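Keep in mind that what you see is a predicted model, and the values were worked out from it rather than measured.
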Amino acid sequence: MVDVPATFGALLTGAFIATALSGVVTTQALLYVKLYPIDAASTKTIVAVIWTLDTGHTCLVLASIWIYFIQYYGEASKINDIPIPLATTIQLTAILTFIVHCFYARRIHKVSRRDWRITLPIVILAFCRLCSATLCTAEMIHSKTFSAFRANFRWLFTLGLALSCLVDILIAVFLTYTLRSNRRASTSLDHVINSVILYTLETGSLTGAATVVSMIFWLIMPYNLIFMALHFVISKLYANSLLATLNSRRIIQQDHAAHQRGPSGDLPVAFPGYANRGGSKFTPRVEPMETMVEISVEKTVEYDASDVIVDSPLSESRSPMSMRHRIEFEMA
């Protein structure tokens, strides 16, 4: 007897949630286009690929729902079949996840001053996760039914989810470690680094938790499709994680600028020694009201738009943000 709520109902609910999150991904992509029109071409390409994969994934999810609810209408036993669009969603999820993992690995590589001992294990494990998902998709299409796939390749699907969760944990740990190391070395960016660490833990825990829950349902309830409904959502969480990370740069930069100004935005008093009427070798005598000094300060803060923290604060080539000042004096 088919458990309709845990099979058809689970797939339908997962499709609803996945579609809603896909709308969030589109909103994030549009926000990125508006906020960062001068970003590097590589970053724009990543955003375009992520949005395209997410849209394709949503179309495959909806095609699977159409097959189960329309094409197989009234045939409850067909819930055991694996339509090709459903199997392909696993492949697209793996590709999207691999891109997101490589994005964070690149960030760790830059912050850790290009330490391959940290980033190489992440890239290797992420690639193994992609390979396992590819094999899983191929075997699902070949097996044609969930019962046949469970009997022969249950371990393969479990391996893919476990590797994905492991990479999430490594990314969160290594990125937090490298950022904390930079924070100890430089106090000028403590506020920014703390914000990035907190954001890393939040996004990493969300995607990791979704993967773990999907794996738990796959292991303890393999005869229903709750795990598949959760798997629909995983790719959306990864896509939103990457896009939200890119879009949060403006907020973190503004927060850092406000933190640098301090509680008062007033400029400090310029040349207080000139107020001394006694005069000296270092503070010359200047009669009040006879000389007027007009100070025009133009300050431009430039940020590299490719990352929140482009390089380590100890980088020899350039600092994460550059600042230039121009002061003009006009003597009346």
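- Shortest non-hydrogen contact noted between Asn224 and Ala6 is CB-O, 3.4 Å.
- Screening Thr27, Asp39, Asn247 for a side-chain hydrogen bond (donor to acceptor under 3.5 Å, both in side chains) with Tyr32, the sole residue that qualifies is Asp39.
- Ala15 and Val61 get closest at one heavy-atom pair: CB-CG1, 3.7 Å.
- The shortest distance between side-chain heavy atoms of Cys165 and Ile169 falls below 4.5 Å.
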Intermediate values then yes/no, side chain to side chain contact (heavy atoms under 4.5 Å, CB included), Leu246 and Tyr36: CA-CA 9 Å; Leu246 292 175; Tyr36 306 100; 5.5 Å; no
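- Between His231 and Phe157, the angle of the ring planes lies from 30° to 60°, which puts this pair in the tilted group.
- Residues forming a salt bridge (charged side-chain N to carboxylate O under 4.0 Å, His left out) with Lys144 (at least two apart in sequence, or on another chain): none.
- A single hydrophobic cluster is not seen to contain both Leu62 and Val25; linkage of ILVMFWY side chains at heavy-atom distances under 4.5 Å, directly or through other members, places them apart.
- The only member of Ile122, Thr211, Thr97 that meets side-chain contact (heavy atoms from CB on, under 4.5 Å) when paired with Val167 is Ile122.
- In this structure Thr119 satisfies the side chain to side chain donor-acceptor pair (under 3.5 Å) test together with His109, sequence neighbours excluded.
- More than 12 heavy atoms of other residues, nucleotides or ligands lie within 6.0 Å of CG in Leu35, so this atom counts as buried by the packing criterion.
- Neither Phe103 nor Trp116 shares a network with the other; the hydrophobic side chains, linked directly or stepwise wherever heavy atoms of I, L, V, M, F, W or Y lie under 4.5 Å apart, form separate groups for each.
- Residues Ile90 and Met228 are in side-chain contact: their nearest non-hydrogen atoms beyond the backbone lie under 4.5 Å apart.
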From CA spacing to verdict: side chain to side chain contact (heavy atoms under 4.5 Å, CB included), Leu161, Ser214: CA-CA 8 Å; Leu161 293 176; Ser214 178; 4.1 Å; yes
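- Summarising the local packing, CZ of Phe16 is surrounded by 12 or fewer heavy atoms from other residues, nucleotides or ligands at distances under 6.0 Å.
- Nearest heavy atoms, Ser248 versus Thr245: OG-O, 2.9 Å.
- The salt bridge (charged side-chain N to carboxylate O under 4.0 Å, His left out) contacts involving residues 127-143 comprise nothing, where partners must be two or more places apart or lie in separate chains.
- Smallest separation of non-hydrogen atoms from Gly160 and Ser132: CA-OG, 3.3 Å.
- Sorted by first and then second residue, the pairs that involve residues 220-241 and meet salt bridge (charged side-chain N to carboxylate O under 4.0 Å, His left out), not counting sequence neighbours, are Asp54-Lys236.
- With values rounded to the nearest 0.5 angstrom, Leu96 atom CG is found 10.0 Å from His101 atom NE2.
- Every residue meeting the side chain to side chain contact (heavy atoms under 4.5 Å, CB included) condition with Thr26, not counting sequence neighbours, appears here in chain and number order: Leu30, Trp51.
- Side-chain contact between Arg150 and Trp218: present, with at least one pair of heavy atoms (C-beta onward) separated by less than 4.5 Å.
- Residue Phe127 places its CZ atom among 12 or fewer non-hydrogen atoms of other residues, nucleotides or ligands, all under 6.0 Å distant.
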Derivation of the side chain to side chain contact (heavy atoms under 4.5 Å, CB included) call for Ser143 and Phe153: CA-CA 10 Å; Ser143 300; Phe153 301 100; 4.3 Å; yes
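- A donor atom on one side chain and an acceptor atom on the other are found under 3.5 Å apart for Ser241 and Tyr104.
- Between Tyr238 and Ser164 there is a side-chain heavy-atom pair separated by less than 4.5 Å.
- Within the model, atoms CG of Asp81 and OG of Ser147 stand 9.0 Å from one another, a figure rounded to the nearest 0.5 Å.
- Thr7 OG1 to Ile79 CD1: the interatomic distance, rounded to the nearest 0.5 Å, is 4.5 Å.
- Taken from CD1 in Ile95 to CD1 in Ile50, the straight-line distance is 10.5 Å, to the nearest 0.5 Å.
- In this structure, the separation between CZ on Phe232 and OG on Ser22 is 13.0 Å, given to the nearest 0.5 Å.
- For the atom pair Tyr177 OH and Ile118 CD1, the distance stands at 7.0 Å (nearest 0.5 Å).
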Intermediate values then yes/no, side chain to side chain contact (heavy atoms under 4.5 Å, CB included), Thr158 and Leu219: CA-CA 8 Å; Thr158 305; Leu219 292 176; 3.6 Å; yes
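- Checked against side chain to side chain contact (heavy atoms under 4.5 Å, CB included), Ile82 has the following partners two or more places apart in sequence or in another chain: Leu86, Ala87, Met140, Phe146, Phe149.
- Taking each heavy atom of Lys78 and Tyr68 in turn, the nearest pair found is O-CE2, 3.6 Å.
- The side-chain heavy atoms of Leu53 and Ile99, taken from C-beta on, include a pair separated by under 4.5 Å.
- Leu166 and Leu130 fall within a single hydrophobic cluster, where Ile, Leu, Val, Met, Phe, Trp and Tyr are joined by side-chain heavy atoms under 4.5 Å apart, directly or via other members.
- Linking Ile, Leu, Val, Met, Phe, Trp and Tyr residues whenever their side-chain heavy atoms come within less than 4.5 Å places Val49 and Leu243 in a single cluster.
- Follow the hydrophobic side-chain contacts under 4.5 Å out from Leu237 and you never reach Val24; the two are in separate clusters.
- Scanning all heavy atoms of the two residues, the minimum distance from Thr58 to Thr19 falls at CG2-OG1, 4.2 Å.
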